[in-house]
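Worksheet: one structure, shown below.
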Amino acid sequence: MADQLIRATAADGGIRAVGVITTNLTEEARQRHRLSYVATAALGRTMAAGLLLASSMKQEKSRVNIRIRGNGPLGGLLVDAGLDGTVRGYVQNPSVELPPNAQGKLDVGGAVGQDGFLYVVRDVGFGYPYSSTVELVSGEIGEDVTHYLVTSEQTPSALLLGVFVGKDGVAAAGGLLLQVMPKAARDESLVAALESRLGHLTGFTPLLRSGKSLKDIFQELLGDFGLAILPEVQLLRFDCRCSFPRVLGALKMLGQDELEDMIEKDNGAEATCDFCGEVYQADRHHLAQLIGEIQQEKAEKI
C-alpha cells in the first residue's frame, strides 16, 4: 500500500481526523541511516507525527519541525515534515538497541528517555516561525506529542503512532490524529464514547497488519458519528532538500584558508547530509573553484 494521508470529519465537523500510512518512507529512513530496531521505531513514529501536525497548516510551503531531546541513549532526534507530504529526519545515535520493554514491545521510551524536552516549530514560509517547548511525558513519542497539542495548542487530541519492524525491515508504520473541536468538546457523552473506543485499541500497526485501510479504521472509530471522509488522498514520501550546490555553498562559507587546507591535506572534501545520509564528494577542482569565487568577490569589493 502506498504511503498516504487522508482527512475526515465527524459529529457535524466537531471531530477532525487525519490518518497516515508511512511504511515505505520509514523503511527508506531505516536503510539510509542504518537504524537499529528501536531507532527505527522512534524516528518512524516522529515522522508520522510530523506529517499529522503539518496536515492542519494552510500555507502551501508550511513545515513542522519536531526535535526531541531526552536523557536516553538515542541522544535525540529531529524531523522536518511539510504540508506537501514530504518528510525527512535523523537520530543522533542510530545504532542504539535495547531489550523489549515490559509489554514485549520495542522500548522507545527507554531509548529516548523520560526526562527531556520536545520542541515544535511551525513555519508557514514567511514571517517568524511559531515555536513551543514542552517537557517529555514518557519518551514514547505519541504521548509526548499529545501532551504538546493539549498544552500548547489547547486542543483535546488523541494520537496513535506505530511502527512494526520485522526481520526484513519495516512491515507497517503510520498514525492517526483525532481532535475534538471546541463546540464538540462540550458534549461530554461524545467525548466519553470516543475515549472509550480509543482505549480499546491495542495500537495502530496491528490494524494495518490485519489488512485494514485508513478508511476502514475511520469507519470503525467514527462511522456512527456522521463520518465524512474527504475524497483527496495525499501521497507521502521521504524527501530531502540537500544537493551538491548547497554543499558547495556551505563549504564556501568556511573561507579560503580552510579550503586551501582541505586541498593540501585531503585533496578534496566529503560531506554527509544528516537528514538523509547522502554523501557528497568535492574534489580539489571544486574547492579551487570556490577559492576563485571568494577571491573575485573580495576584489569586487575593493
Side-chain angles (χ1 to χ4, degrees), residues 25-40 42-44 46-47 50 61 63-82 84 86-97 111-113 116-123 125-129 131 133 237-302:
L25 66 86
T26 303
E27 171 62 15
E28 181 171 349
R30 185 191 72 83
Q31 293 183 18
R32 283 181 173 274
H33 296 300
R34 298 180 177 85
L35 300 173
S36 67
Y37 282 83
V38 73
T40 300
L43 184 58
T46 310
M47 290 194 298
K61 295 183 179 180
R63 302 196 70 82
V64 170
N65 278 233
I66 300 178
R67 183 161 62 94
I68 299 175
R69 180 69 183 182
N71 64 338
L74 274 185
L77 51 87
L78 178 63
V79 160
D80 169 58
D84 62 357
T86 61
V87 66
R88 58 181 183 165
Y90 67 90
V91 175
Q92 185 175 351
N93 298 315
S95 61
V96 167
E97 195 65 274
V112 172
F117 295 91
L118 180 147
Y119 309 86
V120 178
V121 178
R122 290 183 178 268
D123 187 354
F126 58 86
Y128 290 101
S131 61
T133 303
R237 70 185 190 279
F238 188 100
D239 182 71
C240 190
R241 291 168 286 168
C242 69
S243 65
F244 189 55
R246 288 194 176 196
V247 170
L248 292 179
L251 289 171
K252 185 177 178 179
M253 294 176 64
L254 296 176
Q256 180 174 339
D257 292 342
E258 185 70 23
L259 293 174
E260 289 176 343
D261 188 61
M262 288 179 177
I263 293 174
E264 181 180 350
K265 293 182 178 179
D266 303 315
N267 203 35
E270 179 180 286
T272 303
C273 176
D274 287 334
F275 277 108
C276 68
E278 191 73 27
V279 179
Y280 295 94
Q281 302 282 350
D283 61 27
R284 62 185 300 114
H285 302 293
H286 292 120
L287 300 187
Q289 182 177 352
L290 295 178
I291 292 173
E293 292 176 4
I294 293 173
Q295 292 173 339
Q296 182 177 353
E297 291 168 2
K298 287 181 178 179
E300 291 174 351
K301 291 180 180 180
I302 298 176

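All heavy atoms count here, side chains included; hydrogens, waters and symmetry mates do not. Along the sequence shown, residues are numbered consecutively beginning with 1.
- Residues satisfying the side-chain hydrogen bond (donor to acceptor under 3.5 Å, both in side chains) criterion with Asp257, sequence neighbours excluded, are absent altogether.
- Judged as a salt bridge (charged side-chain N to carboxylate O under 4.0 Å, His left out), and not counting sequence neighbours, Asp266 has no contacts.
- Annotation: side-chain contact (heavy atoms from CB on, under 4.5 Å) contacts of Gln31 (sequence neighbours excluded): Glu27.
- At a threshold of 4.5 Å between non-hydrogen side-chain atoms, the residues Ile68 and Leu74 do not count as touching.
- Remark: Arg67 engages no residue in a salt bridge (charged side-chain N to carboxylate O under 4.0 Å, His left out) (not counting sequence neighbours).
- Under the 4.5 Å side-chain criterion, counting only non-hydrogen atoms from C-beta, Leu251 is in contact with Leu287.
- Not counting sequence neighbours, Glu97 has no partner by the salt bridge (charged side-chain N to carboxylate O under 4.0 Å, His left out) test.
- Residues forming a ring-ring contact (aromatic ring centres under 6.0 Å, His included) with Phe244 (at least two apart in sequence, or on another chain): His286.
- No donor-acceptor pair under 3.5 Å is formed between the side chain of Asn65 and the backbone N or O of Val121.
- Listed by first then second residue, pairs satisfying salt bridge (Lys or Arg N to Asp or Glu O under 4.0 Å) with a partner in residues 240-254 read Asp80-Arg241, Lys252-Glu293, Lys252-Glu297, not counting sequence neighbours.
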Please list every donor-acceptor pair under 3.5 Å in which a side-chain atom of residues 274-282 meets a protein atom from a residue at least two apart or in another chain.
| unit_1 | atom_1 | unit_2 | atom_2 | d |
| --- | --- | --- | --- | --- |
| Gln281 | NE2 | Glu270 | OE1 | 2.6 |

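- Remark: Ser36 engages no residue in a side-chain hydrogen bond (donor to acceptor under 3.5 Å, both in side chains) (not counting sequence neighbours).
- Lys265 pairs by the salt bridge (charged side-chain N to carboxylate O under 4.0 Å, His left out) definition with Asp261, not counting sequence neighbours.
- Applying the ring-ring contact (aromatic ring centres under 6.0 Å, His included) test to His33 and every residue at least two apart in sequence or in another chain returns nothing.
- Asp84 meets the side-chain contact (heavy atoms from CB on, under 4.5 Å) test with Arg63, Thr86; sequence neighbours excluded.
- A 4.5 Å side-chain heavy-atom check between Glu300 and Gln296 finds at least one atom pair inside the cut-off.
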